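Notes for the one structure printed next.
Just so we're on the same page: letters track the sequence lines, and every chain starts at 1. For clarity, every value in this text was computed on a predicted model and none was experimentally measured.
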4 protein chains.
Amino acid sequence: MDIPDLSGLGLAEKEQKILESAIHVFSEKGFSAATTSEIAKNAGVAEGTIFRYFKTKKDILRGILVQTINIMSGKVVIEAVEKILNDSEGKELRVVLKEFIHDRIKLVDHIFPMARVIITEALFHEDVREAIYQNIIARVMITIRRFHKQMVERGLIRSDIEPELLIKTILGNLVVLIAQRKLFGDKFELDDIDKEVDKIIDVILYGIAGDKE
Amino acid sequence: MDIPDLSGLGLAEKEQKILESAIHVFSEKGFSAATTSEIAKNAGVAEGTIFRYFKTKKDILRGILVQTINIMSGKVVIEAVEKILNDSEGKELRVVLKEFIHDRIKLVDHIFPMARVIITEALFHEDVREAIYQNIIARVMITIRRFHKQMVERGLIRSDIEPELLIKTILGNLVVLIAQRKLFGDKFELDDIDKEVDKIIDVILYGIAGDKE
Amino acid sequence: MDIPDLSGLGLAEKEQKILESAIHVFSEKGFSAATTSEIAKNAGVAEGTIFRYFKTKKDILRGILVQTINIMSGKVVIEAVEKILNDSEGKELRVVLKEFIHDRIKLVDHIFPMARVIITEALFHEDVREAIYQNIIARVMITIRRFHKQMVERGLIRSDIEPELLIKTILGNLVVLIAQRKLFGDKFELDDIDKEVDKIIDVILYGIAGDKE
Amino acid sequence: MDIPDLSGLGLAEKEQKILESAIHVFSEKGFSAATTSEIAKNAGVAEGTIFRYFKTKKDILRGILVQTINIMSGKVVIEAVEKILNDSEGKELRVVLKEFIHDRIKLVDHIFPMARVIITEALFHEDVREAIYQNIIARVMITIRRFHKQMVERGLIRSDIEPELLIKTILGNLVVLIAQRKLFGDKFELDDIDKEVDKIIDVILYGIAGDKE
DNA sequence: TATGAATGAGAATTCATTCAT
DNA sequence: GATGAATGAATTCTCATTCAT
């Protein structure tokens with residue numbers, strides 16, 4: 001489970017190593033159960049060094065949140081969503097969705113250690129949820145709305161589907177797919193991921209109703 | 001955020017109070033950040049009393065998992081799912097789904113404190129995931145398959161939708177709906193929950209595709 | 001390792017059971033490491049019952065000491081020593097010693113659990129040593145002195161050997177023999193105990209010196 | 001009651017202080033009754049510091065055993081025994097024994113605090129006995145056998161006395177002498193120790209038998 | 001009298017944080 | 001800047017003792 005690359009963010013070398021190590025350790029054990037000693041060992045620095053860069057253990061977590069939000073909302077999230085949106089001009093919705101979902105799966109594979117930490121903290125702390133909302137959700141929504149508008153205008157999405165409903169449906173299916181892969185990967189012999197995604201897109205597009213419904 | 005009622009499970013009075021308190025405290029802070037001292041204070045017992053009923057702090061968590069799985073997989077989950085399945089005989093799929101989703105929302109509202117603890121632990125511990133899978137997922141799947149078969153036979157569900165895909169779609173949409181209500185409830189002025197559910201069911205049934213797709 | 005019989009000492013039935021259990025548990029783990037809970041369980045009484053008979057845990061120990069001293073100094077020690085002394089009238093010293101040592105070995109086998117507790121406490125507490133001295137050593141010395149006098153008069157013991165030296169030599173050899181059997185029994189293939197005792201008596205009587213010394 | 005010097009064993013300064021303090025406190029109260037808090041106070045370190053050097057309280061005890069066995073079996077025991085053996089070439093047995101016993105008394109005076117801890121643990125734990133046997137008894141026996149052989153060849157020891165019997169007799173008399181001095185020192189106005197030793201050696205060499213036996 | 005649930009003082013242990021080197 | 005030994009407050013856990021039934 002690889003750790004996202006934090007280089008090129010203007011961090012001191014040791015600071016970066018500490019953050020990477022912290023993501024790893026927090027992700028293995030959760031914030032409270034992780035120890036600064038283990039983070040230090042893992043980062044190859046002395047325990048005291050951690051406290052040169054981060055006043056408290058909690059600050060390390062805050063550092064991770066900041067980095068994660070930078071990465072997710074910055075380069076990765078917005079850019080990627082925009083790219084797919086902009087590339088979507090002439091394409092079928094099915095194709096756009098497929099690219100989007102595969103791209104998101106790759107992203108989550110990449111940031112899963114971070115994500116696990118964030119999810120846990122978000123479950124317990126309002127301020128983390130607030131940060132996620134302000135920095136990620138709200139900004140992504142802007143892009144999504146433009147995408148939604150374009151698709152509706154091209155008649156590819158039903159006009160009575162609101163942008164919120166659109167993202168919720170896609171997100172919902174995505175979440176379950178990822179949870180299944182990441183948490184219960186050994187329980188289900190998944191078809192190859194490609195087929196799996198195709199099936200989900202089919203349901204997103206046309207629903208489950210039979211002809212008698 | 002109310003604590004599920006543990007009475008009638010054959011627990012000693014203090015044991016029940018401790019478990020309820022533990023659910024509350026774990027749910028507020030997570031397992032590691034919670035202290036036995038706080039659990040005791042909250043339960044109105046001496047700290048030592050906790051350890052008469054639970055050998056270690058970890059055992060309290062295990063106790064909660066056991067109770068939760070009892071409650072969820074026992075009475076609540078299986079029974080409820082079966083009830084809806086059995087009641088579904090002549091009904092439209094839309095109506096069955098609506099009852100099902102409302103019922104699940106009510107359930108989650110009820111057990112959210114517990115659920116939050118379980119989710120966190122499941123994210124970090126394989127054995128918790130295993131317990132969830134064996135006691136809940138695997139058992140619910142049996143019921144779902146029967147439901148799926150019935151619906152397909154009546155032509156209410158497309159015959160090319162597998163049971164796994166069915167549950168994943170419903171679950172995915174449900175998860176996002178609940179997360180939105182529970183975690184970002186202040187961000188979205190939700191239409192009343194009834195309309196919200198209707199919209200989701202509409203998407204589940206017919207998808208998002210416009211007539212040009 | 002059997003527990004000495006405390007019946008016929010005018011103790012209440014439960015009190016006796018508690019003492020017997022305490023000897024067993026103290027002997028297995030030492031006083032501090034033993035718990036009243038285990039003593040109670042082992043005695044087949046409730047934990048609270050212990051404190052009806054003994055104000056504190058320490059009092060149980062004191063009870064054991066008292067019983068032990070009663071048993072050892074009372075019936076067992078004095079009587080036995082006197083018996084051997086009185087029976088010694090016409091006998092060879094070798095025979096008297098043999099009876100005495102065998103009898104002591106049997107006694108220690110019998111009271112080893114108690115003895116282990118006493119030794120430990122004696123190592124650490126002056127008052128226990130004092131009790132041992134007053135109740136056992138000092139009283140036994142009286143008998144020994146009579147025995148010594150008789151033996152010296154009969155010319156069976158060198159006249160320049162003082163009673164203290166006599167008892168110390170016998171006791172020293174006895175202690176090592178018993179320690180070897182009880183603590184390192186698996187290390188030495190002992191000849192049968194009878195031969196072992198004969199050899200020791202031989203050394204006690206005639207020493208180790210060769211003819212050149 | 002002085003604590004053996006642990007310097008020059010390559011221990012960190014605090015580690016040494018903790019061990020010395022632990023020997024002192026264990027020796028005063030026994031292992032279970034001693035508290036890490038008292039050990040820390042006595043060593044002049046914070047309680048937490050103890051656990052930087054020893055994972056658990058039990059490890060401190062193990063540390064003491066290791067040091068004791070190092071000291072006893074290493075420099076002190078083996079060397080001393082060998083020295084006396086090698087110096088015994090032309091000497092009378094009486095003189096060799098006298099040197100040996102005086103040397104052992106000095107040793108025990110030195111390590112009595114440690115010895116008390118070890119004896120207590122040995123009474124209750126097979127593994128401690130095993131360590132004592134392997135590291136001390138078994139090794140000393142090798143030297144003793146050579147000594148025995150030499151003495152028998154020179155006709156200073158009866159040829160029918162086996163080495164085991166030799167060491168047991170000497171040890172037995174030594175143990176009682178030391179116990180008397182250390183535990184009941186106030187009870188007996190000892191002749192000066194020198195005379196006391198002479199008497200014991202006399203008995204070891206020639207026994208107690210009078211001319212009529 | 002006997003019980004055993006409940007207590008709470010105190011024990012071992014952990015770990016974030018400090019600071020002299 | 002970097003280190004890591006030292007700290008001590010906080011935490012989990014134990015257990016002798018009490019007391020209502």
Side-chain angles (χ1 to χ4, degrees), chain A residues 12-15 17-18 31-41 43-61, chain B residues 12-15 17-18 32-41 43-60, chain C residues 12-15 17-18 31-41 43-60, chain D residues 12-15 17-18 31-41 43-60:
Chain A
E13 184 209 339
K14 304 241 170 191
E15 188 176 3
K17 270 189 182 159
I18 291 166
F31 173 73
S32 294
T35 68
T36 51
S37 150
E38 191 177 355
I39 294 170
K41 204 172 296 168
V45 303
E47 203 169 352
T49 306
I50 287 179
F51 293 90
R52 297 212 137 268
Y53 292 99
F54 303 92
K55 252 181 88 66
T56 67
K57 187 186 169 192
K58 212 144 207 179
D59 280 339
I60 311 177
L61 183 62
Chain B
E13 184 210 337
K14 303 249 169 187
E15 187 176 5
K17 272 192 183 159
I18 291 166
S32 293
T35 69
T36 51
S37 150
E38 190 176 356
I39 293 170
K41 206 171 294 167
V45 303
E47 200 168 355
T49 305
I50 288 179
F51 294 93
R52 281 188 59 76
Y53 292 98
F54 303 93
K55 263 180 82 66
T56 66
K57 186 184 168 192
K58 212 147 206 175
D59 278 341
I60 311 177
Chain C
E13 184 210 337
K14 303 241 169 191
E15 187 175 4
K17 272 193 182 156
I18 291 166
F31 173 74
S32 293
T35 68
T36 50
S37 149
E38 191 176 353
I39 293 170
K41 204 173 298 168
V45 303
E47 203 170 352
T49 305
I50 287 180
F51 292 91
R52 296 213 138 266
Y53 293 98
F54 303 92
K55 253 181 86 66
T56 67
K57 187 186 169 192
K58 216 152 203 172
D59 280 338
I60 311 177
Chain D
E13 183 211 338
K14 302 250 168 187
E15 187 176 4
K17 270 189 185 161
I18 291 166
F31 172 74
S32 293
T35 70
T36 52
S37 149
E38 189 176 355
I39 293 170
K41 206 171 294 169
V45 303
E47 202 169 352
T49 304
I50 288 179
F51 294 91
R52 283 187 58 76
Y53 292 99
F54 304 91
K55 262 180 83 66
T56 66
K57 186 185 168 193
K58 210 144 208 177
D59 278 341
I60 311 177

Interatomic distance, C:I50 atom CD1 to C:I39 atom CD1 [nearest 0.5 angstrom]: 5.5 Å
Residue whose closest nucleotide on DNA chain E lies nearer the 5' end, C:E47 versus D:T56: C:E47
Given F:dT12, E:dA12, E:dA6, the nucleotide with the shortest approach to the side chain of B:F51: F:dT12
Below 4.0 Å: OP1/OP2 of F:dC15 and any side-chain N or O of C:T35: no
d(NZ, C:K41; C1', E:dA2) in whole Å: 18 Å
Listed nucleotide nearest any side-chain atom of B:K57, set F:dT3, F:dC13, F:dT7: F:dC13
Options F:dG8, E:dG4, F:dA6, nucleotide nearest the side-chain atoms of B:R52: E:dG4
Sugar-phosphate only, base, or nothing, as touched by A:A33 at under 4.0 Å among non-hydrogen atoms: nothing
Rounded distance (Å) that lies between atom C1' of F:dT11 and atom CD1 of B:I60: 13 Å
Touch class at under 4.0 angstrom, heavy-atom based, for C:Y53 against every strand present: sugar-phosphate
Rounded distance [0.5 Å steps], NZ in B:K41 versus OG1 in B:T36: 10.5 Å
F:dT3 phosphate, OP1 or OP2, under 4.0 Å from A:K14 side-chain N/O: yes
CD-CD1 distance between D:E13 and D:I18, expressed to the nearest 0.5 angstrom: 10.0 Å
NZ/A:K57: more than 12 non-hydrogen atoms of other groups inside 6.0 Å: yes
Sugar-phosphate only, base, or nothing, as touched by D:A34 at under 4.0 Å among non-hydrogen atoms: sugar-phosphate
DNA chain E: 5'-proximal contact among D:G48 and C:G48 (nearest heavy atom): C:G48
Base paired to F:dT18 (Watson-Crick or G-U; both N/O distances under 3.5 angstrom): E:dA5
Side-chain N,O (A:T49) to OP1/OP2 (F:dT3) below 4.0 Å: yes
Atom pair distance, as rounded to whole Å: CZ in C:F31 and P in F:dC15: 13 Å
Distance below 4.0 Å between B:T36 side-chain N/O and F:dT11 OP1 or OP2: no
Spacing of C:S37 atom OG and C:E47 atom CD [to the nearest 0.5 Å]: 5.0 Å
